[in-house]
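In what follows, a single structure is set out as structure tokens and then discussed.
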Amino acid sequence: MTGLEGVLVLVFLVAAVLGYKLIKAVPSLLHTPLMSGMNALSGITILGMITVTAFSQSVLARLVGMLGIIAAVINVVAGFGVTDRMLRMFKGGKEAVGKGS
Amino acid sequence: MTTVPEASLGLAEIILAIGVPLLLSLGVLYGIKMMSKVKTAASGNRLSALCMLLAIIYVFMRTDLSGSLVYIILGLAIGTLISIVITLRVKMIQMPQMVGLLNGLGGLASALAAILTLLSGETQSGFSLVTSGLALAVGALTFSGSMVAAGKLQGLLPQKPKVYAGHHTITALMALAMLVLIALLPVVPGYNGMFCLLLGVLGLLFGYIFAIRVGGADMPITISLLNSSSGVAAGIAGMALGDILLVSVGGIVGASGLLLTQIMCRSMNRTLSAVLFGRAPAAAKPEQAQETKASEAAVEMPESAPADPVDWLIEAQSIIIIPGYGMALSQAQEQVKTLTDLLEAKGKDVRFAIHPVAGRMPGHMNVLLAEVDVPYEKLYEMETINPDFSSTDLAIVIGANDVVNPAANTAEGTPIYGMPVLSAEDARRLMILNFDTKPGYAGVHNPLYDGASNIHLMLGDAKGSLEQLIAGLG
């Protein structure tokens, strides 16, 4: 393992521990939006998809890349979109009355 | 916009290469922190989304996209278009399968990124080869597993767990085969195409066989576990590509999914391996048949009893509603809200008790009730509300079974024994609105159906039963 590779493994572990600690504080009330938000984040793989597609030489590889990008974009954009929709539904007593419904 | 060649690693380049991903990772982490409070959660989600957008722009600026630009832009455009349609069209009731579907797409992308890396023809280090192989396998199993889970939740596949002969052995052998293949990748150069094929197929099969034997109430656990694996796949793909941002965000998602899985398992009093390899539900089968007959015979009693459920509602001062998956199935949340409003208008105290695994994904009930504007302050977690049942006049169970089954405290040897349940039976009176008296997913007979005089059963579709109550009150 080279230096960079060591750093990568370390970053993975540190991020996992930090994420674990932060997510522990999320109440079960918000577990569904949390999960779908995390799900959207897992679409971060789009960065990798763009990079490998950029380096691809053959048309076939580029088409596969495009397919991967479509999948990842849907994961990210729809993921954040539905999470946002869900979170906007959560209202406290006063806010719900204010909405008048 | 400057693109610095890889060779000249100046200070500015190091800051750009390490600093920006670090900053964006911190942004994502802060967004997650904001998601722990209802008031800031929506902003937190948007912050995470913004960080992701910036990350994509950052990659665009730093990568020479020349020949593939058209494909990339086209991919982004098509994906965004489909996403907008999904975001606007999806119903809250479809959320569990939606999360499953999106999760699968993330896994697919990671697997494809790994395949392209392996087949790029460039020489890779052993580390890059192994991580690519891992990302391919984990990505592929996330994809097929999520598709099976989504298919089951959507009703396209049978909900019941399907167990093949030697299921456990097959699963273990496939996992072993994948590990061997990944270990061989750096040792046997020149056969990357074959490795890709084998790992991809094995990964897909593994995801299928893993998810097909999970059903019903174990779904929340499977969904959150697959959520974790999609994060892990992204993180490992990031290692293969040397992309720090991918690695850190993948790590965060992997950990979060694992944590949710842990919480779900604890709430069901099941070990992860029991869910994955399905010991408990299988053990419950013989008992189920026998017990169902017993309960069917017992049900006739309360039906002939003259208790009027509407009177019970009027006589009660304090009420706790316990929603379950049945409420989601019959889409009765609107009626639940109407009933709540009617009862509150009569000056009654109405609260909701939410079991951590009620429904088909973590926090499922909360979302459905939020959709119909039930204020979240009225939703109580199990530990908080359980002591209050004994001082409550009436508990109303709506489409829940296992999560209120007192057998969990007494029936040793059954799958739900030891699972923390809502003590609905402690309430002075109990009304149960369920479709039938068949045992819940766990297959354990519920003694609440045995016809005690303070328990009223309203069988049939929850929506219809609720409308009956609403009509009676109005």
Side-chain angles (χ1 to χ4, degrees), chain A residues 1 5 8 11-12 15-16 18-20 22-23 25-26 28-32 34-39 41-45 47-54 56 61-62 64-66 68-84 86-90 92-93 96 101, chain B residues 32-33 35-36 38 41-42 45 49 59 63 65 68 71-72 75-76 78-80 82-83 86-87 90 99 102-103 105-106 108-110 112-113 116-117 127 227 230-231 234-235 237 239 241 244 246-249 251-253 255-256 259 356 361-363 366-367 370-371 373 375-377 381:
Chain A
M1 239 192 266
E5 290 161 353
L8 289 173
V11 166
F12 186 75
L18 280 176
Y20 192 90
L22 282 174
I23 288 149
V26 177
S28 67
L29 168 72
L30 290 171
H31 275 170
T32 293
L34 171 75
M35 190 173 69
S36 90
M38 290 298 113
N39 180 20
L41 278 179
S42 73
I44 187 81
T45 191
L47 303 186
M49 224 41 252
I50 293 175
T51 314
V52 292
T53 310
S56 294
R62 284 169 176 172
V64 171
M66 190 172 91
I69 290 175
I70 294 175
V73 171
I74 297 175
N75 188 193
V76 174
V77 180
F80 281 124
V82 293
T83 310
D84 191 59
M86 258 190 274
L87 285 170
R88 276 187 284 133
M89 296 185 324
F90 281 89
S101 60
Chain B
I32 296 172
K33 191 176 151 55
M35 283 194 91
S36 59
V38 180
N45 181 54
V59 169
T63 318
L65 303 167
S68 302
Y71 296 87
I72 293 171
L76 289 173
I78 296 173
T80 308
I82 298 175
S83 304
I86 290 176
T87 305
V90 69
V99 171
L102 293 177
N103 199 42
L105 292 179
L108 175 68
S110 293
L112 291 178
L116 288 182
T117 311
F127 178 83
N227 193 18
S230 73
M239 288 187 199
L241 296 165
I244 289 189
L246 208 50
V247 169
S248 68
V249 175
I252 295 169
V253 177
S256 86
L259 179 66
M361 64 179 168
N366 306 83
V367 172
E371 188 191 8
D373 287 335
Y376 60 84
E377 294 98 337
E381 291 182 24

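In what follows, every chain begins at residue 1, and chains take the letters A, B, ... in the order their sequences are listed.
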Q) Would a 4.5 Å heavy-atom cut-off, applied to side chains only, mark A:F90 and B:V367 as touching? A) yes

Q. In terms of heavy-atom proximity below 4.5 Å to chain A, should B:L241 be classed as side chain, backbone, both, or neither?
A. side chain

Q: Quick one: do A:I50 and B:L65 satisfy side chain to side chain contact (heavy atoms under 4.5 Å, CB included)? Show the steps, please.
A: CA-CA 8 Å; A:I50 293 175; B:L65 303 167; 4.0 Å; yes

Q: Among A:G65, A:A25, A:A78, A:G19, single out the residue with the greatest number of heavy-atom pairs under 4.5 Å to chain B.
A: A:A78

Q) Measuring heavy-atom distances to chain A, does B:V90 have an atom under 4.5 Å in its side chain, in its backbone, in both, or in neither? A) both

Q) Rounded to the nearest 0.5 Å, what separation is found between the OG atom of B:S256 and the OH atom of A:Y20? A) 11.0 Å

Q) Out of A:V11, A:I23, A:I44, which one racks up the most heavy-atom pairs below 4.5 Å with chain B? A) A:I44

Q. How would you list, by chain and number, every residue that makes a side-chain contact (heavy atoms from CB on, under 4.5 Å) with B:S68, sequence neighbours excluded?
A. A:T53, A:R62, B:I72

Q: Report the option among A:G81, A:G79, A:G37, A:G43 that has the most heavy-atom pairs separated by less than 4.5 Å from atoms of chain B.
A: A:G81

Q: Output the option from B:G106, B:S248, B:A49, B:G231 having the highest count of non-hydrogen pairs under 4.5 Å with chain A.
A: B:A49

Q) So which of A:I69, A:V64, A:L29, A:L34 has the largest heavy-atom pair count under 4.5 angstrom toward chain B? A) A:L29

**Q.** Point-to-point distance, once rounded to the nearest 0.5 Å, from CE of A:M49 to CG of B:L246
**A.** 11.0 Å

Q | Heavy-atom closest contact (B:I32 atom, A:V26 atom, distance) | A | O-CG2, 4.5 Å

Q. Roughly how far, to the nearest 0.5 Å, is the OG1 atom of B:T87 from the CG atom of A:D84?
A. 9.0 Å

Q) Among A:V76, A:V77, A:L47, which residue forms the greatest number of heavy-atom pairs with chain B at distances under 4.5 Å? A) A:L47

Q: Please check if the side chain of B:N103 supplies one atom and the backbone of A:N39 the other of a donor-acceptor pair under 3.5 Å.
A: no

Q. Given side chains that start at C-beta, do those of A:E5 and B:M239 come closer than 4.5 Å, heavy atoms only?
A. no

Q | Gap separating the OG atom of A:S28 from the CG atom of B:N366, nearest 0.5 angstrom | A | 6.0 Å

**Q.** Heavy-atom side-chain proximity of B:I252 to A:L18 below 4.5 angstrom
**A.** no

Q.
Run the side chain to side chain donor-acceptor pair (under 3.5 Å) test against A:T32 and tell me which residues pass, sequence neighbours left out.
A. none

Q | Minimum heavy-atom distance A:T45-B:A234, with the two atoms named | A | CB-CB, 4.0 Å

**Q.** Heavy-atom closest pair, residues B:L116 and A:S56
**A.** CD1-OG, 4.2 Å

Q. Do the side chain of B:N45 and the main chain of A:T83 share a donor and acceptor less than 3.5 angstrom apart?
A. no

Q. If we only count heavy atoms from C-beta on, is the A:L22 to B:M35 side-chain gap below 4.5 Å?
A. no

Q) Do the non-hydrogen side-chain atoms of B:V59 and A:T51 ever get within less than 4.5 Å of each other? A) yes

Q.
Under a 4.5 Å cutoff for heavy-atom pairs, which residue among B:A41, B:G363, B:S83, B:S230 has the most contacts with chain A?
A. B:S83

Q: Kindly give the heavy-atom pair with the smallest separation between B:V247 and A:L8, and that separation in Å.
A: CG1-O, 3.2 Å

Q.
For the interface with chain A, which of B:P362, B:P356, B:A255 has the highest count of heavy-atom pairs at distances below 4.5 Å?
A. B:P362

Q.
Less than 4.5 Å to any heavy atom of chain A: does that hold for the side chain of B:L108, its backbone, both, or neither?
A. side chain

Q | Contacting region of A:L30 [heavy-atom separation from chain B under 4.5 Å] | A | side chain

Q: Sort B:E371 into side chain, backbone, both or neither according to what part of it lies under 4.5 angstrom from a heavy atom of chain A.
A: both

